[in-house]
Amino acid sequence: QVQLVESGGGLVQAGGSLRLSCAASGHTFTSYTMGWFRQAPGKERVFVAAVTWGGGITVYADSVKGRFTISRGNDKSTVYLQMNSLEPEDTAVYSCAVSRFIVAITTPQRYDYWGQGTQVTVSS
């Protein structure tokens with residue numbers, strides 16, 4: 001099993017920044033990709049960003065390109081999501097997840113384990 005714990009969520013003013021962290025533990029040897037998803041009230045869960053363990057390849061949703069940055073810690077057991085220029089539309093529960101795949105990683109069905117999520121609220 002893989003355990004994921006997110007942290008760093010909170011309340012921030014529009015235009016501000018937050019840095020989310022996700023710490024992974026357990027059997028992570030076959031977890032090749034780690035991603036972030038978000039779900040706003042009454043909305044479907046959508047892809048935000050992902051990074052591969054081995055190659056450092058990153059992908060982003062169009063809605064966050066240029067504002068969000070995903071990165072890995074040196075020990076490869078932690079992933080970060082730096083969020084800048086936050087907008088009220090970014091308000092959602094953000095969850096990290098791990099996947100066995102390195103392609104087609106923008107849909108939730110490709111991910112095997114999920115964290116509990118952390119709330120991000122952006123006020124206008």
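FYI, the numbering just counts along the sequence from 1. Everything numeric here is computed off the predicted structure, so don't read it as measured data.
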Could you tabulate the donor-acceptor pairs under 3.5 Å formed by side-chain atoms of residues 115-123, not counting sequence neighbours?
unit_1	atom_1	unit_2	atom_2	d
Thr118	OG1	Gly9	N	3.3
Gln119	NE2	Ala92	O	3.4
Gln119	NE2	Thr121	OG1	3.4
Ser123	OG	Gln13	OE1	3.1

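- Considering all non-hydrogen atoms of both residues, Leu4 and Cys96 come closest at CD1-O, 3.6 Å.
- The heavy-atom pair separating Ser17 from Gln82 by the smallest distance is CB-NE2, 4.0 Å.
- Grouping the Ile, Leu, Val, Met, Phe, Trp and Tyr side chains by contacts below 4.5 angstrom, directly or via other members, places Ile70 apart from Ile102.
- Legend: residues meeting salt bridge (charged side-chain N to carboxylate O under 4.0 Å, His left out) with Lys43, ordered by chain and number and at least two apart, are absent.
- Trp114 is listed as a side-chain neighbour of Phe37, based on a closest heavy-atom distance under 4.5 Å.
- Counting non-hydrogen atoms of other residues, nucleotides and ligands closer than 6.0 Å to CZ of Arg100 gives a total of 12 or fewer.
- When all heavy atoms of Met34 and Cys22 are compared, the pair lying nearest together is SD-SG, 4.1 Å.
- Rounded to the nearest 0.5 Å, atoms CE (Met83) and CH2 (Trp36) are 8.0 Å apart.
- Tyr32 and Val51 fall into different hydrophobic clusters, where Ile, Leu, Val, Met, Phe, Trp and Tyr are joined by side-chain heavy atoms under 4.5 Å apart, directly or via other members.
- In this structure, Ile57 is not a member of the same hydrophobic cluster as Val103, with clusters built from ILVMFWY side-chain heavy atoms closer than 4.5 Å.
- Follow the hydrophobic side-chain contacts under 4.5 Å out from Leu20 and you reach Val48 in the same cluster.
- To the nearest 0.5 Å, atom CD1 of residue Ile105 and atom CZ of residue Phe47 are 6.0 Å apart.
- For the atom pair CG of Leu18 and CZ of Phe68, the computed distance is 9.0 Å after rounding to the nearest 0.5 Å.
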Could you walk me through whether Glu6 and Ser95 pass the side chain to side chain contact (heavy atoms under 4.5 Å, CB included) check?
-> CA-CA 7 Å; Glu6 303 101 331; Ser95 300; 3.8 Å; yes

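- At least one test fails for Arg38 against the ring of Tyr94: distance under 6.0 Å to the centre or angle within 45° of the axis.
- Here the shortest heavy-atom pairing between Ala50 and Thr33 reads CB-CG2, 4.0 Å.
- Of all heavy-atom pairs spanning Arg19 and Ser71, the tightest one is NH2-OG, 4.2 Å.
- A single hydrophobic cluster is not seen to contain both Tyr111 and Leu81; linkage of ILVMFWY side chains at heavy-atom distances under 4.5 Å, directly or through other members, places them apart.
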